[in-house]
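All ligand and atom numbering here is 1-based and tracks the order in the structure.
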Amino acid sequence: RCGFVAIVGRPNVGKSTLLNHILGQKLSITSRKPQTTRHQVLGIKTVGPVQAIYVDTPGMHEEEPRALNRYMNKAATSALIDVDVVVFVVDQTNWTAGDEMVLEKISRLKCPVILAVNKVDKLEKRESLLPHLEMLSKKRDFAEIIPLSALKEDNLEPLEQAVGRFL
Ligand code: GDP
Ligand code: MG
């Protein structure tokens with residue numbers, strides 16, 4: 001099986017860190033950037049019979065001025081239509097207007113959206129995550145909600161397995 005995976009989220013939530021740790025540092029610094037029709041391919045990860053093609057979708061993670069933003073939203077959303085699964089990365093600490101904007105951008109997508117709640121290594125007590133996860137679960141019908149730490153490579157395998165189930 002093989003399919004396209006888009007990692008989306010507001011700036012600074014850890015998208016690049018996550019992708020680097022999934023793909024391996026070396027792969028992701030490649031200077032060659034192959035293009036598909038709509039996406040820039042960031043890297044390909046093959047695990048057993050499953051091949052995940054991680055792509056970047058322009059307009060999903062920049063804060064554009066309003067008018068341009070509206071146009072980009074459309075473009076970005078239509079580019080996202082042909083991905084098989086979206087990984088929506090948020091920070092465990094707080095939900096911001098930036099997160100809300102990304103949620104809005106992906107709101108019309110029919111493909112599964114996996115919520116990756118990043119930076120859990122910063123938590124003093126894991127229990128304090130629970131109310132936050134409950135709040136997040138009401139934002140959308142997420143296919144899965146996975147707390148993880150991209151930096152410490154904690155719980156990345158469940159994320160990759162979840163991705164694989166939707167390819
Ligand atoms: P992006 O803008 O979404 O691509 O975010 P980056 O991957 O550039 O990460 C933004 C900052 O958050 C960097 O300083 C990262 O080191 C940090 N960061 C990313 N993932 C984690 C994590 O799991 N735990 C902690 N503590 N910091 C993280
Ligand atoms: Mg980045």
Side-chain angles (χ1 to χ4, degrees), residues 4-36 38-45 52-65 68-69 72-73 75-77 79-80 83 85-107 109 111-137 139-140 142-163:
F4 290 95
V5 188
I7 298 186
V8 304
R10 67 171 163 86
N12 224 38
V13 288
K15 299 179 298 295
S16 301
T17 308
L18 179 63
L19 196 63
N20 284 342
H21 286 268
I22 287 175
L23 297 175
Q25 223 78 21
K26 278 178 202 134
L27 254 177
S28 52
I29 352 177
T30 173
S31 59
R32 288 168 102 231
K33 290 173 178 170
Q35 297 278 151
T36 64
R38 285 157 179 264
H39 310 285
Q40 183 179 78
V41 175
L42 299 173
I44 299 172
K45 175 86 179 272
I53 305 165
Y54 287 89
V55 295
D56 189 27
T57 303
M60 282 311 294
H61 40 70
E62 295 125 41
E63 308 283 338
E64 299 94 0
L68 182 61
N69 199 10
M72 288 298 287
N73 277 352
T77 307
L80 274 177
V83 303
V85 55
V86 168
V87 176
F88 178 21
V89 184
V90 298
D91 189 314
Q92 49 80 23
T93 48
N94 56 346
W95 177 267
T96 72
D99 296 311
E100 202 66 54
M101 249 177 66
V102 178
L103 186 72
E104 164 65 25
K105 286 178 186 183
I106 62 173
S107 62
L109 297 181
C111 74
V113 176
I114 299 170
L115 185 70
V117 184
N118 192 27
K119 309 196 186 185
V120 295
D121 59 285
K122 286 166 94 179
L123 285 168
E124 278 178 30
K125 292 187 222 144
R126 286 228 157 182
E127 304 91 87
S128 56
L129 190 60
L130 283 175
H132 192 64
L133 292 182
E134 202 182 322
M135 181 277 290
L136 290 171
S137 69
K139 294 280 179 189
R140 181 195 165 110
F142 292 109
E144 307 233 3
I145 299 181
I146 303 174
L148 54 87
S149 168
L151 195 66
K152 308 281 184 203
E153 300 197 336
D154 183 16
N155 229 29
L156 298 193
E157 227 172 76
L159 174 66
E160 289 191 68
Q161 283 164 1
V163 164

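Glu104 has its side chain out of reach of Glu100: every pair of non-hydrogen atoms, C-beta onward, lies at least 4.5 Å apart. The closest side-chain heavy-atom distance from Arg10 to Asp91 is below 4.5 Å. Side-chain contact between Leu18 and Leu156 is present, with heavy atoms from C-beta onward closer than 4.5 Å.
What you find for Ala6 and Val83 is that their closest heavy atoms are CB-CG1, 4.0 Å.
Taking only non-hydrogen atoms, the option from Lys119, Glu153, Lys122, Gln92 nearest to atom 17 (C) of ligand 1 is Lys119.
Within the 4.0 Å heavy-atom criterion, both parts of Val13, backbone and side chain, lie near ligand 1. Of the heavy atoms in Asn12, both backbone and side-chain atoms come closer than 4.0 Å to ligand 1.
The protein atom (non-hydrogen) at minimum distance from atom 16 (O) of ligand 1 is Leu151 CD1, 4.0 Å. Considering only non-hydrogen protein atoms, atom 26 (N) of ligand 1 sits nearest to Asp121 OD2, 2.9 Å. Nearest non-hydrogen protein atom to atom 20 (N) of ligand 1 is Asn118 ND2, 3.1 Å. Here the heavy atom of the protein found nearest to atom 8 (O) of ligand 1 is Ser16 CB, 4.2 Å. For atom 7 (O) of ligand 1, the closest non-hydrogen atom of the protein is Thr17 OG1, 2.6 Å.
Backbone or side-chain N, O or S atoms of Ser16 reach the Mg ion (ligand 2) at under 2.8 Å.
Taking a 4.0 Å cut-off on heavy atoms, Pro11 registers as neighbouring ligand 1.
For atom 14 (O) of ligand 1, no protein heavy-atom neighbour is found at a distance under 4.0 Å.
Taking CD of Glu160 as the reference point, atom CD1 of Ile22 lies at 5.0 Å (rounded to 0.5 Å). Distance check: Gln92 CD to Leu133 CG gives 9.5 Å after rounding to the nearest 0.5 Å. The structure places CG of Leu23 at 7.0 Å from OH of Tyr54, a figure rounded to the nearest 0.5 Å.
By the 3.5 Å distance cut-off applied to N or O atoms, Gly14 is counted among the residues near ligand 1. Checked by distance only, ligand 1 and Leu148 stay at 3.5 Å or farther apart across all their nitrogen or oxygen atoms.
Partner of Ser149 under the side chain to side chain donor-acceptor pair (under 3.5 Å) criterion, out of Asp121, Asn155, Asp154: Asp121 alone.
Ring planes of Phe142 and Phe88: tilted class, angle from 30 to 60°.
The distance from ligand 1 to the heavy atoms of Ala150 drops below 4.0 Å at these ligand atoms: 20 (N), 23 (O).
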